[in-house]
Every structure is written in structure tokens, then in C-alpha cells.
4 protein chains.
Amino acid sequence: MVKAGIYGASGYTGQELLRILLRHPDVEVAAVTSRRFKGLPVSDVYPCFEGLTEKKFMDSSPDEVASVCDVIFSALPHGVAMDFVPQLLKSGKKVIDLSADFRLRELSVYEKCYRSHSSPQLLEEAVYGIPELYREKIKSAQLIANPGCYPTSIILGLAPLLKSGLADTSSIIADSKSGVSGAGREPKIGSLFCEVDEGFKAYGVLVHRHTPEIEQELSFLAGTGMKITFVPHLLPVNRGILSTIYAGMKKDTSASELLDIYNDFYKNEAFVKVLKSGFYPNISSVKGTNNCQIGIAADPDMKRIVIVSAIDNLVKGAAGQAVQNMNLMLGLEEGAGLKNIALFP
Amino acid sequence: MVKAGIYGASGYTGQELLRILLRHPDVEVAAVTSRRFKGLPVSDVYPCFEGLTEKKFMDSSPDEVASVCDVIFSALPHGVAMDFVPQLLKSGKKVIDLSADFRLRELSVYEKCYRSHSSPQLLEEAVYGIPELYREKIKSAQLIANPGCYPTSIILGLAPLLKSGLADTSSIIADSKSGVSGAGREPKIGSLFCEVDEGFKAYGVLVHRHTPEIEQELSFLAGTGMKITFVPHLLPVNRGILSTIYAGMKKDTSASELLDIYNDFYKNEAFVKVLKSGFYPNISSVKGTNNCQIGIAADPDMKRIVIVSAIDNLVKGAAGQAVQNMNLMLGLEEGAGLKNIALFP
Amino acid sequence: MVKAGIYGASGYTGQELLRILLRHPDVEVAAVTSRRFKGLPVSDVYPCFEGLTEKKFMDSSPDEVASVCDVIFSALPHGVAMDFVPQLLKSGKKVIDLSADFRLRELSVYEKCYRSHSSPQLLEEAVYGIPELYREKIKSAQLIANPGCYPTSIILGLAPLLKSGLADTSSIIADSKSGVSGAGREPKIGSLFCEVDEGFKAYGVLVHRHTPEIEQELSFLAGTGMKITFVPHLLPVNRGILSTIYAGMKKDTSASELLDIYNDFYKNEAFVKVLKSGFYPNISSVKGTNNCQIGIAADPDMKRIVIVSAIDNLVKGAAGQAVQNMNLMLGLEEGAGLKNIALFP
Amino acid sequence: MVKAGIYGASGYTGQELLRILLRHPDVEVAAVTSRRFKGLPVSDVYPCFEGLTEKKFMDSSPDEVASVCDVIFSALPHGVAMDFVPQLLKSGKKVIDLSADFRLRELSVYEKCYRSHSSPQLLEEAVYGIPELYREKIKSAQLIANPGCYPTSIILGLAPLLKSGLADTSSIIADSKSGVSGAGREPKIGSLFCEVDEGFKAYGVLVHRHTPEIEQELSFLAGTGMKITFVPHLLPVNRGILSTIYAGMKKDTSASELLDIYNDFYKNEAFVKVLKSGFYPNISSVKGTNNCQIGIAADPDMKRIVIVSAIDNLVKGAAGQAVQNMNLMLGLEEGAGLKNIALFP
């Protein structure tokens with residue numbers, strides 16, 4: 001059995017990792033840490049674990065955690081992870097970091113969006129953890145920069161199109177909508193039930209910090225530097241991201257040609273489902289799963305393509321993709337622990 | 001006191017009209033009809049009216065209703081209204097029709113999207129009821145084609161921009177999100193609580209019937225025939241439409257120039273609020289009101305403009321705008337009966 | 001025009017008072033205070049007020065507010081109001097306090113549930129502000145202790161029954177369910193969207209601080225000291241309280257006898273609606289209104305009565321009832337400013 | 001591998017069975033039937049199954065289904081199941097019926113609540129499928145009457161108390177709250193999103209059809225005929241039932257004595273979790289699982305006990321308990337396929 005640890009486990013992503021790992025056939029959870037809740041049973045902080053685990057949150061040092069684990073997930077916030085990840089790596093153990101700290105190749109871009117970086121030497125080493133694009137590099141990585149939730153939904157939605165060369169790369173717009181768990185469990189007015197329920201709004205319009213991460217990866221796919229227009233919105237649901245992506249056509253292309261391209265691109269992927277013509281995803285169909293569903297439309301008159309992509313922000317957008325990465329890094333079956341079907345309704 | 005009737009009053013729009021008209025200072029509700037619920041007190045069908053009105057649904061003929069009313073709102077479905085509106089008009093009374101039956105100038109466009117039309121002679125006479133654009137024509141109209149909810153949100157969001165000539169008219173994308181009340185009160189699986197709650201999806205992608213209505217009005221504003229890419233989505237909320245609209249710039253334009261243009265265009269409008277720079281609307285801020293809130297961003301690098309527009313689909317998108325039209329037609333104060341503040345939270 | 005002030009206006013109850021008072025036909029809002037948001041336009045803190053008021057939050061002293069107002073609403077928290085209310089009263093102005101600080105007749109009971117009291121001399125003077133029970137005293141009061149939301153729903157639900165002497169006063173159980181706005185706008189984990197949405201729980205089981213307030217008023221009604229079993233629950237909705245109340249019968253009583261008693265008791269009350277046999281209220285029917293709806297069932301075999309009572313916690317349970325009290329205190333029409341119909345859906 | 005069939009699989013309970021069985025380690029799904037959707041892939045009707053199963057709904061006869069299955073789940077409606085279950089049994093295969101048709105021991109009680117019964121001879125044979133109470137009989141049963149959702153929550157909540165003899169059996173009140181999936185997938189106005197969202201109501205007050213089923217089982221537990229007061233309510237959530245149960249004490253009993261009794265009663269049960277003193281369940285903690293969480297309070301002054309019990313109505317209240325019964329009937333591990341942790345948030 002693989003021994004796994006979760007460093008900074010008391011947020012929504014941390015407990016999601018725990019939920020997946022406790023039911024993973026090849027993993028034993030060796031440590032879960034939280035400074036705020038140290039000493040408390042996980043089930044006191046998240047009552048859904050009542051009777052299902054005896055684990056308690058510990059306030060252990062990176063060294064202590066690394067010493068008892070084969071792989072460590074860091075679910076610390078941006079700007080904090082950069083200080084702990086080097087210590088976790090020191091021991092030679094594999095690390096999957098769910099913060100933004102190691103996702104950007106360019107130090108200057110990171111420092112402009114976030115803050116000064118204490119471990120820039122790791123930026124080059126870290127592998128951006130989208131298995132559908134970087135599977136081989138992930139297998140041999142020691143440090144994974146696990147992608148952001150918005151980026152995952154947009155990159156998976158656009159990868160086949162950008163690779164095909166059929167899109168006008170200056171024309172891309174991503175109109176994304178996310179559930180509230182993306183904002184984390186910190187108590188703030190904007191995340192209160194009464195502020196979100198029965199509401200819907202755009203936020204971070206044209207200035208969201210995920211934009212450079214998205215642009216970096218889309219540029220790799222397109223083989224040329226490119227920028228996008230990205231507008232995120234806040235949905236009154238717990239989980240899920242749906243991105244509606246608009247692209248101009250370079251030349252006349254039909255929906256069925258696009259479906260062929262997408263089906264071919266993802267034909268060996270267990271977690272990406274391309275829907276048949278006329279069908280579009282609903283976030284309720286991927287809730288709680290590591291699946292991404294994609295629907296495609298084309299308007300030859302307007303020379304425009306519409307791609308709709310849905311994931312669960314906490315699973316394929318965070319903890320699930322992290323476990324998929326772990327499986328690859330450790331030579332386990334890629335889908336192990338990630339086969340549940342979305343709970344509906 | 002003006003005597004008003006509501007023909008086909010048992011749907012969500014019909015009861016919303018009743019809610020507004022019962023508290024309108026210059027109106028007395030003379031008749032509310034429903035074939036399905038005839039004889040029942042309104043408060044049995046909508047318990048929020050309990051103790052607040054003694055009105056019952058009647059199954060009266062158009063003639064009977066017209067004979068006791070100065071103005072009649074038709075809240076019948078598309079394809080049904082066309083048969084009743086001519087009878088209501090015959091009496092010389094003013095009619096505000098909330099269906100799509102008289103909104104399209106071109107008979108062929110209507111018949112392609114909906115069905116064959118039984119009263120095409122009225123298409124030319126009907127005035128499209130957006131007061132912010134057609135106030136003078138509305139004042140003297142006998143028949144108002146009350147706009148659709150998606151079209152209202154998009155047309156109000158784009159009118160100043162298209163009039164300014166600063167937008168590339170071939171570039172417009174409207175990514176709209178609507179609450180469930182837009183689907184009406186007919187029992188169907190897709191509108192069930194369990195199908196919608198915790199979900200979010202696109203539907204009618206590139207094929208929604210509101211598209212020609214939107215394109216007709218945008219073309220008038222732009223002074224040239226134009227098409228758009230329109231993708232509606234279903235939000236798990238009762239009320240509200242938020243449209244995120246993307247437009248290419250013809251030349252470099254800043255957000256502050258755009259704000260000036262919008263503020264100037266709407267400076268005398270009581271129901272359209274242009275938000276200051278960096279602020280974007282939330283549908284919870286307009287819920288239950290006739291207000292439209294608009295936020296604007298610009299990205300000179302990408303030469304792209306983002307406009308976010310929010311209304312309540314049942315009020316500014318239907319019943320409230322209908323009452324605003326009635327006020328104009330009858331020489332009442334334009335805002336009478338429409339001054340409530342959004343209930344929050 | 002009456003000049004009204006709201007002291008501590010930035011919480012949900014404070015902004016609800018503002019919403020009502022801005023549309024009250026006989027009132028001008030002279031001051032709204034908030035220490036936290038001083039200097040900010042109300043519409044920056046609550047965007048639903050955008051374009052509808054120019055008011056800003058001020059950080060004024062009680063004296064300053066009292067000097068420009070005829071009546072002051074205090075929406076300060078429990079334990080804070082007790083320090084400010086005496087200063088507001090000093091000026092001779094009328095004060096309506098929405099905290100718990102002046103609701104309990106017995107100082108010792110207050111101090112056991114809350115904290116030591118800095119102004120116990122006012123406990124006797126304060127009038128408990130349920131107009132349906134204490135209308136005449138309210139008219140001449142200088143200080144109103146505005147009732148709690150749970151107490152209002154339970155007291156209105158039980159008043160006719162207790163007055164009738166038909167209930168076993170040792171048998172009363174109130175199973176109450178409240179929307180989240182009852183918890184206020186303070187950011188805390190338990191009020192986050194993700195903690196509440198799709199959930200439902202009991203809390204404060206048998207130990208909620210509203211219990212003594214409820215028991216005090218029920219004892220007055222019953223003419224004898226009595227206790228109840230009170231269990232509150234948290235509903236995933238913004239607004240509304242529904243209390244399902246169980247009482248043992250002293251002797252055989254039918255639902256229709258009970259309906260007669262309730263209809264008679266409330267026959268002159270504009271804001272209490274007793275539903276006909278077989279009908280029970282839904283909180284969505286009273287949302288945003290000052291109305292209370294009551295449904296009644298009886299089971300003679302089990303000798304048990306069931307009463308279901310619904311209010312909006314922020315209106316009849318707080319701000320609306322406060323305005324009703326103000327209307328009475330100032331000789332205005334009791335229902336002025338409180339006649340809207342619940343927004344549905 | 002056990003071959004299982006689902007007869008009448010297109011409702012919410014049917015698809016929940018399919019979700020569980022497709023991931024059950026010892027089961028192969030051999031047939032899923034639906035008259036309405038015959039020929040359609042399950043994933044067209046429930047898109048959460050997209051890419052996860054190739055199953056199609058068939059319109060097969062009971063004989064055809066029985067011939068390819070070892071065990072058949074009937075998820076047909078009340079009144080329909082009674083006609084099909086005898087045909088399914090004929091083949092000698094085991095049947096688990098999720099309707100109410102075989103739950104009541106007394107034919108006359110069934111016929112009063114539902115309709116005339118076409119297969120009364122099976123009432124005696126059928127075993128009421130609560131494993132925590134009837135495990136041994138279930139192991140050897142050929143026909144299981146799978147319990148209702150409300151009854152499961154109330155029976156599990158009361159079993160230890162009634163067995164202990166400490167409760168006044170004439171005093172029991174169950175105030176239950178259910179999510180909307182309990183109403184099924186039939187399109188009806190009362191289940192529409194807009195009718196339920198932001199609302200909460202009691203329904204079926206004192207007349208709900210689950211009452212006799214509850215009373216039958218409680219009487220067995222108490223060893224004496226007993227009746228209860230049962231009031232169900234509709235919660236604006238997809239899943240979950242929380243029952244708040246009130247009982248009078250026969251003699252002074254503390255919460256800790258009760259906790260001991262409950263912990264002892266359920267000490268070997270994997271799916272019932274008794275919470276520690278002062279903790280009460282939230283339906284979000286059991287959502288999507290076969291778990292029941294129970295919290296207990298006592299008020300010696302009022303001589304009253306409060307028990308709060310939470311389950312997922314579609315799992316422990318239907319499909320999950322059915323699979324638990326199947327596991328017992330077929331000698332599989334009782335918890336096989338039922339070990340997931342509640343998705344939160």
C-alpha cells in the first residue's frame with residue numbers, strides 16, 4: 001500500500017483528497033495536517049466522516065510528514081506552499097502541490113499575479129499536472145504543479161481545437177461559471193449563503209489570476225504565444241465549473257468535423273467524454289467525479305465555434321486530478337480510486 | 001382609475017402582472033382570466049395572494065374582458081396570442097401582448113421560428129415595447145409587442161455601444177444565463193427542482209428562438225443588418241437574467257470612454273443603472289424590480305469590450321416592462337407601480 | 001414627514017429597515033449609521049440600492065442621530081444595544097430596539113442567557129412589540145423591545161389557542177425552521193454557502209436563547225407560568241421561518257372549532273391570515289412581507305393539535321414588525337409601508 | 001458475479017440502484033427496464049452515466065428479466081408493483097420491491113391507504129427490509145418489502161428507545177423534512193424548481209400514507225399497538241430526510257443514559273452512527289450514502305426526549321437499503337457496494 005499524506009488538509013480541497021484517498025484501493029492515508037484544527041478528529045470538522053475514519057488533524061512539520069509518506073499532497077494556500085514544498089521534497093518523496101505556486105513557467109508572471117517567490121528554482125522542475133497533455137512527464141516527475149480549476153476546464157475544452165490549427169488564436173473567449181467551493185472555506189462575506197443564493201454575477205472581469213496560467217498552456221498547445229478574454233462568474237451551487245468557450249474559425253469547419261477531431265484526440269482518455277452532436281454538458285452530470293464532459297457547436301455563417309466544457313472544480317479541477325497524477329507517478333492504474341458515478345439528483 | 005385586464009393570467013408572468021397592478025396607484029384590476037383555473041380564487045393557485053385579493057380566475061371571452069377594461073395584457077403563449085389579440089383590439093382598447101407573436105417585423109422570420117401566423121396584418125402596427133428605445137411610438141401605440149426577456153437584457157446592454165459605432169458588428173457574442181421562471185409553469189421534467197438544483201447547463205446553443213428578435217433590434221440600432229452568437233444557459237435560481245456580452249472594438253476605446261457613452265445614453269432613464277468602473281451587476285440586485293444594471297470593461301490589448309447586463313426576467317423582462325409600457329400608453333407617470341427596491345437577501 | 005434614523009444599519013435587518021422606510025409614504029430617512037462602513041454609500045455595501053438612494057453610512061453618536069430624528073431604530077447586536085439605547089432615549093425621541101436587550105421582564109433571566117445588563121432600569125418601561133397582542137401599550141410607548149423572529153412565529157401561532165384554555169400548557173413543542181439570514185451578515189464558517197446549501201440540521205436543541213422570551217410571552221397568554229420544548233433548525237433558504245407547533249388538547253376539539261377561534265382572534269388583523277381547513281403555509285408565500293400565515297390541524301384520537309405558522313424572519317420577524325410598531329407609536333396608519341405582496345417565485 | 005435486474009428503472013430510485021450496482025464488486029447488471037424510455041441508452045435519460053455504461057432501457061416482460069437475473073429489484077410505483085412482483089417471483093428468483101405494496105401486514109390497512117390489492121397472498125411472506133431489525137429473516141427471504149424513506153428515518157431513530165421501554169408510547173411526534181427527490185420524477189407543478197426553491201412547507205399533515213407503515217413497525221418494537229403524530233415537510237434540497245422526533249419519558253432519564261442505550265443497540269451496525277452528546281446530524285453528512293446519523297437530547301424538567309435522525313432518502317431510504325438487503329439475501333458482505341463517503345460540500 002502506498003502511504004500518502006495531506007499537508008494542509010482542512011480546506012475543501014484537503015477533505016476532498018481525504019475522501020478519495022480513504023477509498024483508494026492502493027493507498028493508506030498516513031497523515032493529515034492542519035494547524036487550525038490540530039488534535040481534532042476530522043469528523044468533528046467535517047461530520048460526513050463520522051464513523052468512517054478515526055484520523056485526527058496533526059500539526060506536524062514537513063519533515064515528520066515526509067518521513068512517514070511515499071507521496072505528499074500539499075493543499076496549502078498560494079504563497080504558503082512555496083515555503084513548505086521544498087522541505088517536503090528534500091526527503092526525496094514525491095509531492096503534488098495544489099496551489100498556484102509552481103504552475104507558471106515564468107517567474108516574473110508569477111510575481112506579478114501573486115507575490116515574490118521563495119523557491120523559484122523549482123519552477124522549471126515542476127510538471128504541470130494535466131495527464132491528458134503531459135502523461136509521460138508526469139510519470140517521472142518528483143513535483144507536480146496541479147492545475148487550477150478554471151484552467152483545467154478551459155485547457156481540456158480547447159486542446160484538440162488548438163492542436164488542429166483550425167482556430168483563430170486571437171479570437172478566444174472563455175466565459176466560465178464556478179460553484180462556490182472554489183472560493184474555499186475561509187469565512188468572508190462574499191461566500192455567505194445569503195450573498196450567493198439566488199444570485200449570479202461576474203467577478204474578476206479581465207483581471208482574474210488564473211488568466212496567465214490558462215494563456216501559458218494554450219500557447220503551448222497552439223505553438224504560439226496567445227492571449228484570451230476570460231470572464232469568471234459565481235454560480236449558486238456547491239461544486240462545478242462550466243466554461244462556454246468561443247473561438248473564431250480560420251476556415252469553414254462543421255460541427256461534425258470538430259466532433260471527429262475531439263473524439264480522436266480523447267479516444268484513449270477515461271475521464272474526458274465528448275458528447276454527441278446537439279448535446280451539451282450539465283455540471284450536475286460530473287459532480288463528485290473526475291470526469292470532464294465536452295459539447296461542441298459550430299456556426300459556419302458566423303465562422304464561430306462554441307465549446308462547452310464541464311468539470312467538478314474540487315475533483316478534476318483539484319483533488320481528483322491530483323490523485324490521477326499520483327497514480328501515474330507511482331505506477332498505479334491511472335483511474336484507481338476515481339471511478340464513481342456522479343450523484344444525481 | 002384605469003381598468004386593466006390580464007388575459008391568460010395563471011402563468012408566472014400573469015401572476016407577476018397581477019402583483020404589480022394590485023399595488024399600482026392608478027389602476028384597478030377588472031378581470032383576470034384562466035381557462036384551466038376558472039372559478040378558483042387566485043389565492044388558491046398562488047397562496048402569496050392569500051388575504052390580499054378576492055379576485056377569481058374567470059374563463060371570459062376577449063369581448064367580455066375588453067368591455068370592462070381600458071387596457072388588456074395578454075399573457076397567452078406564443079401561437080395562441082395571435083388568435084386572441086385581434087379580438088381584444090377590435091373593441092378599440094389598448095393591448096399589450098407578452099408573447100412573441102407580434103415582435104418580429106418579418107412574417108417569414110416569425111413563421112420559420114414559430115408557426116404560421118393567423119394575424120400577420122398586425123405585425124406592422126405593433127410597436128416593440130422597449131421604452132428606452134421607442135418611447136414616443138409606445139405613447140401612441142394601440143398594440144405593444146412586449147419584448148422577450150433575453151432580448152431585453154441584450155438590447156439594453158448593447159444599445160449605446162451600437163449607436164456609438166465603436167463596435168465591430170460582426171463580432172458580437174451574448175452569453176446569457178436565465179433563472180428557471182423563464183421556462184414557465186408548465187410541468188415538464190426539465191423544470192423539476194431535482195433536474196435544475198445544483199446544476200448548470202447551456203441549452204438551445206446557437207438555435208434559440210429569441211435570436212432573430214435580438215438580431216432584428218440590434219440591426220435597427222446598428223443601422224445595418226447584423227447577426228450575433230447567442231448561447232443561453234439555465235441558472236438554478238428562480239428569477240433573473242445576466243448577459244455577458246463580448247464585442248470587438250473598431251478602434252482603441254477605453255472603459256472610461258465607454259462608461260461616458262453609456263451614462264450619457266441612459267442619463268434620463270429611471271430603470272437603467274450604469275455601474276461605476278470595476279463594478280458588475282448581480283441578478284440578486286435587480287430581483288423583483290424593473291431595473292437593469294450594466295457593468296462595462298474593456299481590454300485594449302485584445303481590442304475587446306465586455307458588457308454585463310442584469311434584469312429580472314419576470315419584471316423588466318416581462319410584466320414590469322409591460323406595465324411601464326402601459327403607463328406610457330395611458331399618459332401615467334412612467335414609473336408608477338414600479339418603484340420597489342430589490343429584496344435582499 | 002416623520003424623520004427616522006437607523007442606528008447600526010449595515011446588517012441584514014438594518015438594510016431591510018432602510019428598504020421599507022425608503023418606500024414608506026410618511027417617512028423620510030434622516031440617518032443611517034455604521035461604524036464599519038462609515039463614509040461608504042449604502043449602494044456600495046448593498047448594490048440593490050444602486051441608483052435608488054444616495055444615503056451614506058455615517059459613524060454618528062446617538063446624540064447626533066437623535067437630534068435629527070423623530071424615531072430611531074436600533075439594529076445593534078445583543079449586548080451592545082443596551083449601552084446605546086439609553087442615550088437615544090435621553091433626547092425624548094422614540095426608540096425601537098431590535099436586539100434582545102429589552103425583551104425579557106426578568107433581569108436574572110436575561111443575564112443568564114446573555115450577559116450582565118448595563119441598563120436594567122429600562123426593562124420595565126420597554127413594551128414588547130407584538131401589535132396583535134399589545135397594540136394599546138405600543139401606541140404610548142417610548143421604547144419598544146421588538147420581538148425575536150422565532151418568538152414572533154410561535155407566539156402568533158399559539159396566542160388564540162392559549163387564550164382559549166383548550167391546550168394542555170405542559171405539552172407544547174415548537175419545531176421551528178429558519179432561513180439563513182437569521183444568522184446575520186457576520187462572516188462565519190457555519191453561514192457559508194457551502195456549509196448550508198443542500199443541508200438541513202437542528203441546532204441549539206433545547207438550549208436556544210430565544211426559549212425564555214417565548215416562554216415569557218406564552219405564560220402571559222396562558223395566564224400561568226409555562227415552559228415549552230423548542231428545537232430550531234437551519235433551512236437552506238435566504239428568508240423565512242416556519243414553526244410547526246404541537247399541543248395536547250385538554251378536551252376533544254375539532255379543527256373547525258379551532259379555526260373559528262383563530263379566525264375570531266385575528267379577525268381585525270391585517271397581517272395575520274388564518275388559512276382554510278386543509279391548507280398550510282409555505283414560507284415562500286410570506287417572503288418579503290409583514291404577513292403571518294397560519295394553518296391548523298387536529299387529531300382527536302391522539303388528542304393533539306398541530307399549528308403551522310410562517311413569517312419572513314426579516315420582516316414580521318424583525319424590520320417589518322418594527323415599522324408596524326413605529327406606525328402605531330406615531331399615530332400613522334398601522335399598515336403604512338408594509339403592503340407589498342410576496343414575490344413569487 | 002451475481003446477476004441483478006432493475007424493473008422500472010427510469011425513476012430517481014431506479015437510476016440510484018443502477019449507480020450503486022454498476023460499482024458493486026460482486027454484481028453484474030443484467031437488465032434495466034423502462035416502458036417510457038425503451039430503446040434509449042440510460043445515458044441519454046441520465047447524462048451522469050455518459051461514458052460509464054452502455055446499458056439501454058428495455059421493455060422486457062417480468063419473465064424475460066427473471067430468466068437472466070439472480071435477483072430483481074422492482075422500482076415500479078405503488079399499485080403497479082403488486083401486479084408484476086408475483087410474475088418475477090414465479091421463476092424462483094429473489095425479489096426486492098421498493099414500492100409500498102408489500103409493506104403492510106394488514107390487507108385492510110393497505111387497501112384503505114392505497115387501493116385494492118391484487119396479490120394479498122404475498123403480504124405474509126414478504127419480509128420488511130430493515131436489516132438492523134430483521135437481519136435473520138432477510139437472509140432467508142424470497143421477497144423483501146423495502147421500507148419507505150420516512151419510515152426508515154423514524155424507525156431507526158426510535159427503535160432503541162421503544163425497545164428500552166423508557167418512552168411513553170402515546171406521546172410520539174415525528175416532525176420530518178424531506179428533499180424533493182422523494183416526490184419522484186413525474187412532472188407535476190408541486191415539484192417544479194420555482195415552486196420549491198426558497199420555500200418550505202408542511203404537507204400531508206396528519207394524513208400522510210406512510211403513517212400506518214410507521215405505526216406498524218413502531219408497534220412491533222414497543223410490543224404494543226401505538227399511534228404517532230406524523231407531519232412531513234418539503235425541503236428545498238435534492239436529497240435527504242431529517243426527522244426530529246419527540247417522546248415523553250416514562251421516568252427520569254438523562255441524555256447520557258439514552259446515548260448508552262443507543263450506542264449499545266447499534267454497536268454492531270455499520271450504517272448507523274450515534275453522535276456524541278451535543279452533536280446533531282445534518283443531511284449533508286449522509287447525502288449519497290447508506291448511513292443514518294442520530295443525535296439525542298433530553299429535557300428532564302419537561303420529561304421529554306428529542307431524537308434527530310438523518311438519512312439520504314434515495315439511499316438508506318430506498319436503493320441503498322435495497323442493496324444492503326440483497327447482500328444479506330445472497331450471502332454477500334452486508335456493506336458491499338455501499339461504502340462511499342458523503343460528498344461535501
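The sequence lines fix the lettering, A, B, ..., with proteins before strands; numbering per chain opens at 1.
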Close approach to chain B in residues 176-193 of chain C, criterion heavy atom under 4.5 Å: C:S181
Inter-chain contacts: residues 338-345 of chain C against chain B, heavy atoms under 4.5 Å: C:K339, C:N340, C:I341, C:A342, C:L343, C:F344, C:P345
Contact listing (chain C partner; residues 287-297 of chain B; heavy atom under 4.5 Å): B:K287, B:G288, B:N291, B:Q293
Within 6.0 Å of NZ in B:K56, more than 12 heavy atoms from elsewhere: no
Closest-packed option against chain C by number of heavy-atom pairs under 4.5 Å, given B:L314, B:N282, B:D44, B:V286: B:D44
Contacts of type ring-ring contact (aromatic ring centres under 6.0 Å, His included), residue C:Y12, not counting sequence neighbours: none
Contacting region of B:I20 [heavy-atom separation from chain C under 4.5 Å]: neither
When C:S43, C:G51, C:P47 are compared by non-hydrogen pairs under 4.5 Å with chain B, the top option: C:P47
Chain C contact via B:R239 - which portion, at a heavy-atom distance below 4.5 Å: side chain
Heavy atoms of other groups near C:K3 NZ, more than 12 under 6.0 Å: no
